[in-house]
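Before any comments, here is the structure.
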Amino acid sequence: MKTRTLWGALALLVSMLVAPTAARAAPPALPGGKANWVVSVGGLNNNYDPRNWVRLGYYVFNADGTAETNFWSWNEADSPERINTVKANCDGAVPHCYIRTVEDFDGSPTGGLRGSFDYDASGRLVVTWKTDKSGADITDLRETWNLQTGLVGGKLARITSPTYYTNSGTASDPDVPDPVAGEFSSYSATFGIGYGSTTGFGSDTRASMSDLVNDSRYNTVPYRGTFVRVNNGSLDREGTGGNWTFSGAQGDNNANPWQKCAGAECLGFVQHATSCRSTEDPPNADKDRARYLAEIGGGRRNTEEYWCMLLASGADCYVYNSHPRPMLQIIDDDGTFQGWVGAEAFSHVSTSTGKPDEAWNQYYWGIFDTVSPDAQPAIPPSGWNGSQAVPRFTVPDGANVATGDLLWATGALHFSGRNFVAGGCHYVELLAVGTDGTRQRGTSSPLCAGVEADGTRAFRGSLSFAQNPASVVITYWNAGSSGASYSPGSTLNCTPAGCTSADRKPFRIVYGANVASGSVTWIGPTVQFEGNNHVASECRYVELTATGSDGTARKASSSKFCASGGDRTFGPQVIADVAEGTDVQITYWQGATATGPFTLKASATCRPTGCQ
C-alpha cells in the first residue's frame, strides 16, 4: 500500500513537471509600431492661480509592455527664470543677443517615471506610471491617449489627449472650460501631444540648424501646428508656425529670412508684419519680431525664443518678457526631421527687478506641436470611413470667407479649414447633432483683420458623440472690430452627403460674458429652436415665444444651466401649430440659483428674414 502510494505521488509529481503551463497573455503591440516618442504634457486650467505646469520629454515603449519617461518639468508656482544659452551673431538685421530658454533645460532631465502600457476597448493607448525614476512606488498615474498611425507614409505616429483638439473659445467667450476630471488622466494632466518613430534619441539623429536653412528636404516646408495655452485666466487654442519657411521670403523680407549664426548652431529671423503693438502715442510703426532657434544640450533638444523688437526701447536686446520655448525634434523612421513638440513656461518679469513678479494673469503656459505637411492635418481620423463623403464647406461674408472640410467618423466629427479676413473680425461656429439627438458645439478662434500677415488663420477641432454625428449647422459670425458685438453671416446645413444653404436663421444673445447662440427654423406651421448656452456665472436659460395659429403665445425653453465657465447645448425643440411666418421672441433669463427667481437680461426678435 505504501509502495502504491509512493508511486502515485511520483506519478503526480512527474505529471506536474511535464504538464503545459497556462499561456501568458501576449504583451501589447507597440503604439503604431513605434518605441521612441517625444511628448509634451501640461496641467493647464482656466484660472488666475499658479496651478499650471508643463512637462517635455521622451517616452519609450518596450516590447514587454513596460514604459518609461524622462522629462524636464516646470511649475507656474515656481516662476522659473530665463537663462542664456548661445549668442546669436547672425547676418542682416537680426539683433546679436543671447538666445534664452527656461532654466534647467540646458541640463539633464529633471524627472522620470516607470510603468506599463496597454489599450482600452476602444483602442486608445493607456499608460500607467507606477514608480518614479529611482524605482520608488507612487500612486498610479494613468494617461489615456488617442493614437493615430500612418503619418508620413507610416513612418510616424501621433498620440493626443482627448482634450487636445476640442473646446475652442470665441471672442465674446474666450474661456475654454476646464477639462473634465479623468478625461485624459487620473491626475492633474489635462492636455498632451506626442510623436513616435523607431529612431533613437541620440544627438546625431536631430537636424542641425544648417540643415534647416540649407537642406531642400526642410528649408521650403511650412511647419505648423496647434498651441494650447493659458494666459490672463483664459485657456485657449492658437495656431503655431506662420507664412514663412526657413529659406523663403516672408512679407517684405528678402530670400533666406532665417540667418545662420556664425559661431553656434543657431538661427535668427526678423519677422515683419506681426501682431506686435505699441502703447506709445502716436503708435510706434515697428511691428517687427525677433525670433531665434538654437540647438542646446544633447538628444533632440532645441529651444525657441521670440520678442517684439519695439519692447527693447532702442536697446540692442530685450531681456525681460520674451517667449521661451523648450522643444524636442520629431524624427521619423527614416531619420528625417518632421518638426517639434514643445512647451512654453513664460514667467512674467518685473522690468525694475528683472525677476519674476508673480503677476499670474500675465504668465503664459502651454504645450504645442509644429509639424510638416506630411504630419498634418493635426486631427486624428480614428474610425474615419474613407468611403464616406467629405463635404467641403464655404461660408462667405463679403470679401471675408472661411473654407474647410468635415470628416464624418465613427463617434466623431472632425473639422478643419482656414479663415480669411479682409476687414473686421470673424469666426466659424459649428452646432452638430448626433444620431441619438445629443448636441455638440465647436468654433474656430476669432480673427481680426491685420492680425495675421496674410489675413488667414487655420482652424481645426473634433466633436465627440456617443453614437455618430448626423448633421451640423455652420455659421459665420462677424463684427466690425475687436470687442464689438458679433452678428450672424452665412449659414450652412451639412450632412455626410454635403452642405447646402440652411433655412435656419442664426441668433446670438449676449449678457456680459454669458452668450446664447443658435438658430430658428420655420418649417410650415412649426418653428424649430436649437443652440448652445455658455454661462460664465450664476444660472441662465433661453426661451422662445411664438404666436400660435389661434393667436395665443406658444413657448419653448432650454434647461436652466448654472456654471462658472461652461457650455450646454439645447434643442432641437419644435413648437407646433404656429401662425405661418410668425415672428419669434428669444429671451435670455438670469437667476442666482436654478430655482430662481429669474429676470430678463437680453432679447432678440427673429423673423424668417433673419434675427435682430
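Between Asn532 and Leu431, the closest side-chain pair of non-hydrogen atoms falls below 4.5 Å. Contact annotation: the side chain of Ser188 approaches that of Trp53 to within less than 4.5 Å [non-hydrogen atoms, C-beta and beyond]. In this structure the side chain of Pro356 never reaches within 4.5 angstrom of the side chain of His348, judged on heavy atoms. Looking at heavy atoms from C-beta onward, Arg300 lies out of side-chain contact with Trp340 at the 4.5 angstrom threshold. Side-chain contact check for Pro373 versus Pro222: some heavy-atom pair is nearer than 4.5 Å. Counting heavy atoms from C-beta outward, Gln338 and Val371 have side chains that stay 4.5 Å or more apart. Residues Leu447 and Tyr427 have side chains not in contact (no heavy-atom distance under 4.5 Å, counting atoms from C-beta outward). For the pair Leu56/Val341, a side-chain contact is recorded, criterion being any heavy-atom separation below 4.5 Å from C-beta on.
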Verdict with reasoning, Phe246 to Tyr223, per side-chain contact (heavy atoms from CB on, under 4.5 Å): CA-CA 9 Å; Phe246 284 106; Tyr223 296 94; 4.0 Å; yes
Check the pair Asp567, Arg441 against side-chain contact (heavy atoms from CB on, under 4.5 Å), reporting the backbone distance first and the verdict last. CA-CA 9 Å; Asp567 289 86; Arg441 174 179 178 265; 3.6 Å; yes
May I have the step-by-step check of side-chain contact (heavy atoms from CB on, under 4.5 Å) for Gln440 and Val472, ending in yes or no? CA-CA 9 Å; Gln440 298 290 337; Val472 59; over 6 Å; no
Go through it in stages, so that I can follow the logic: the residues are Asp374 and Ser372, the test is side-chain hydrogen bond (donor to acceptor under 3.5 Å, both in side chains), and I'd like the CA-CA distance, side-chain angles, deciding distance and then a yes or no. CA-CA 5 Å; Asp374 287 340; Ser372 72; 4.9 Å; no
Begin from the C-alpha positions of Lys133 and Arg114 and carry the test side-chain contact (heavy atoms from CB on, under 4.5 Å) through to its verdict. CA-CA 6 Å; Lys133 64 178 180 180; Arg114 305 293 179 266; 4.0 Å; yes
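Gln329 and Asn302 are linked by a side-chain donor-acceptor pair at a separation below 3.5 angstrom, with hydrogens and angles left out of the test. There is no side-chain donor-acceptor pair under 3.5 Å between Thr205 and Thr199. Inspection of the Trp129 and Glu68 side chains reveals no N or O donor paired with an N or O acceptor under 3.5 Å. Between the side chains of Ser444 and Arg457, no donor-acceptor pair is found at a separation under 3.5 Å. With 3.5 Å as the limit, one finds a donor-acceptor pair spanning the side chains of Asp132 and Ser134. Counted by atom type alone, Ser161 and Thr163 present one or more donor-acceptor pairs between their side chains at under 3.5 Å. Donor-acceptor pairing under 3.5 Å is recorded for the side chains of Arg100 and Ser322. Checking Thr66 against Asn62 by side-chain atom types alone, a donor-acceptor pair falls below 3.5 Å. Between the side chains of His323 and Glu344, at least one donor N or O sits under 3.5 Å from an acceptor N or O. Side-chain contact check for Asp236 and Ser234: no donor-acceptor pair (N or O, by modelled atom type) lies under 3.5 Å. Judged by distance alone, the side chains of Glu429 and Thr443 never bring a donor and an acceptor atom under 3.5 Å apart. Side-chain atoms of Thr101 and Thr303 include a donor-acceptor pair closer than 3.5 Å.
Looking only at distances, a side-chain donor or acceptor of Asn214 sits under 3.5 Å from a matching main-chain atom of Ser210. Although no hydrogens or angles enter the test, the distance criterion places a donor-acceptor pair under 3.5 Å between the side chain of Thr85 and the main chain of Ile99. A donor-acceptor contact shorter than 3.5 Å links the side chain of Ser197 to the backbone of Ile331. Not a single donor-acceptor pair under 3.5 Å links the side chain of Ser79 to the backbone N or O of Ser347. Side-chain atoms of Thr370 do not come within 3.5 Å of backbone N or O of Gly225 as any donor-acceptor pair. A donor-acceptor distance shorter than 3.5 angstrom exists from the side chain of Ser40 to the backbone of Gly342, with no hydrogens or angles considered. At distances below 3.5 Å, at least one donor-acceptor pair connects side-chain atoms of Glu265 with backbone N or O atoms of Met209. Checking side-chain atoms of Ser247 against main-chain N and O of Asn219 turns up a donor-acceptor pair under 3.5 Å. One N or O on the side chain of Asp215 and one on the backbone of Arg217 form a donor-acceptor pair closer than 3.5 Å.
Taking the six-membered ring for Trp and the full ring otherwise, the centers of Trp145 and Phe184 sit less than 6.0 Å from each other. Annotation: Phe337 is in aromatic contact with Tyr218 [ring centroid separation under 6.0 Å]. Checked against the 6.0 Å centroid threshold, Phe201 and Tyr59 do not count as a close aromatic pair. Ring centers of Trp74 and Phe71: at least 6.0 Å apart, outside the cut-off. Ring centroids of Tyr363 and Phe346 are separated by 6.0 Å or more, keeping the two rings apart.
Within the model, atoms CZ of Phe191 and CD1 of Ile367 stand 7.5 Å from one another, a figure rounded to the nearest 0.5 Å. Remark: Asn533 CG to Ser559 OG distance equals 8.0 Å, nearest 0.5 Å. A distance of 6.0 Å separates CG of Asp106 from CD1 of Ile296, quoted to the nearest 0.5 Å. The CD1 atom of Ile474 sits 9.5 Å away from the CZ atom of Phe415 when rounded to the nearest 0.5 Å. Rounding to the nearest 0.5 Å gives a distance of 9.0 Å between CD1 of Ile138 and OH of Tyr187. The distance from the OG1 atom of Thr149 to the CG atom of Leu156 is 10.5 Å, given to the nearest 0.5 Å.
Taking the centre and axis of the six-membered ring of Phe368, the NZ or CZ atom of Arg229 falls outside the cone set by 45° and 6.0 Å. A cation-pi contact, defined as under 6.0 Å to the ring centre and within 45° of the axis, is absent between Arg325 and Phe105.
Using a 4.0 Å cut-off between charged side-chain N and carboxylate O, Glu103 and Arg82 make no salt bridge. Here Arg291 pairs with Glu304 in a salt bridge; the nearest charged N to carboxylate O distance falls below 4.0 Å. Salt-bridge formation is detected for the pair Asp333/Lys34: a Lys NZ or Arg NE/NH1/NH2 atom is positioned less than 4.0 Å from an Asp or Glu carboxylate oxygen. Between Lys130 and Asp137, no side-chain nitrogen of the basic residue sits less than 4.0 Å from a carboxylate oxygen of the acidic one, so the salt-bridge criterion is not met.
Contact between Ser73 and Thr110 at its shortest, heavy atoms only, is N-OG1, 3.4 Å. Taking all atoms of both residues into account, the shortest heavy-atom contact from Arg418 to Ala458 is NH1-CB, 3.2 Å. Taking both residues in full, the closest heavy atoms of Gly297 and Arg206 are given as O-NH2, 2.9 Å, listed atom of the first, atom of the second, then distance. Of all non-hydrogen atoms in Ala563 and Val535, the two that sit nearest each other are O-CG1, 3.6 Å. The nearest pair of heavy atoms linking Asp369 to Tyr164 is N-OH, 3.6 Å. Closest heavy-atom contact between Asn52 and Leu44: OD1-CA, 3.3 Å.
Crowding of Tyr98 atom OH: a count of heavy atoms from other residues, nucleotides or ligands under 6.0 Å not exceeding 12.
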